[in-house]
Amino acid sequence: MSRSAMLNAVVQNQLKIADIESAEEVGAVLTLTRTATQAITTAGTTIVWESEIRGYQIEWSGSDITIPATGWYHLSIACTHGSLNDLLYRINVNGALVQIAPGIGDVNRGASSAHFMRHFIEDDIVQINVLPSANVNITVVAENAQPESPILNIVQLSGEVDVDDV
């Protein structure tokens, strides 16, 4: 291969990489919490969010979180409930249960968290539902405290968000 052909191949590959980078503009994030305790029953309770700590591109209202673009997202939730009961965290999408994870954490302090990675479609409505082994109250503890509660973080991992809509 000549030097000219090699340089041309390098330039073509760089253009292909630039195309991939422009197609993967990741940018949607959301952190929600509550400002008051919420009773969680053994029937399962959907968390009603009350306060946005930070957000970009993801809209929410009460318990409903609207996904802005098709792609992969990471969700993490942490709750303190002050009891020795286990929690199951459940993800509902458009009203249907789609994923369950056990709460992992310090059961002796009544704190746990769960992490989800999931592919969503644009305009999916996501809700977080908590199922305890006995009735409890989710305690409100400020962000950056030990332990934080309840805190929900959603970060878009892949996909494209139209930043012109901002």
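Between V126 and N92, every side-chain heavy-atom pair lies at or beyond the 4.5 Å cut-off. Residues Q156 and V29 are not in side-chain contact: their nearest non-hydrogen atoms beyond the backbone lie 4.5 Å or more apart.
With no hydrogens or angles considered, a side-chain donor-acceptor pair links Q127 and D64 at under 3.5 Å. Y89 and S113 share no side-chain donor-acceptor pair at under 3.5 Å. Side chains of N153 and T31: a donor on one and an acceptor on the other come within 3.5 Å.
Evaluation of the side-chain contact (heavy atoms from CB on, under 4.5 Å) rule for L131 yields L88, R90 as partners, not counting sequence neighbours. Listed by chain and number, the residues in a side-chain contact (heavy atoms from CB on, under 4.5 Å) with I121 are T70, H119, D124 (sequence neighbours excluded).
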Note to self: Checking R118 against Y73 for the side-chain contact (heavy atoms from CB on, under 4.5 Å) test, could you report, in this order, the C-alpha distance in whole Å, the side-chain angles of both residues, the deciding distance, and whether it holds?
What the structure shows: CA-CA 6 Å; R118 181 157 183 85; Y73 291 77; 5.9 Å; no

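Of the candidates T66, I65, L75, F120 forms a side-chain contact (heavy atoms from CB on, under 4.5 Å) with just one, namely L75.
Considering CD of E59 and CG of D123, their distance stands at 9.0 Å, rounded to 0.5 Å. Rounded to the nearest 0.5 Å, atoms OG (S63) and CD (Q38) are 9.0 Å apart. The structure places OG1 of T33 at 4.0 Å from CD1 of I151, a figure rounded to the nearest 0.5 Å. Here the CG-NE2 distance, from L157 to H74, works out to 7.5 Å after rounding to the nearest 0.5 Å. Separating the OG atom in S112 from the CD1 atom in I104 is a distance of 9.0 Å, to the nearest 0.5 Å. Taking CG of N137 as the reference point, atom SG of C79 lies at 11.5 Å (rounded to 0.5 Å).
Linking Ile, Leu, Val, Met, Phe, Trp and Tyr residues whenever their side-chain heavy atoms come within less than 4.5 Å places L152 and V98 in a single cluster. Using a 4.5 Å cut-off between side-chain heavy atoms of Ile, Leu, Val, Met, Phe, Trp and Tyr, with links allowed through other members, I67 and V93 fall into the same hydrophobic cluster.
Listed here is the closest heavy atom pair of G27 and Q57: O-CG, 4.4 Å.
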Tell me which donor-acceptor pairs under 3.5 Å the side chains of residues 45-53 have, and how far apart each pair is, sequence neighbours excluded?
| from | atom 1 | to | atom 2 | distance (Å) |
| --- | --- | --- | --- | --- |
| T45 | OG1 | T41 | N | 3.0 |
| T46 | OG1 | N129 | ND2 | 3.2 |
| E50 | OE1 | T35 | N | 2.6 |
| E50 | OE1 | T35 | OG1 | 2.8 |
| E50 | OE1 | A36 | N | 3.0 |
| E50 | OE2 | R34 | NH2 | 3.4 |
| E52 | OE1 | W60 | NE1 | 2.7 |
| E52 | OE2 | G55 | N | 3.3 |

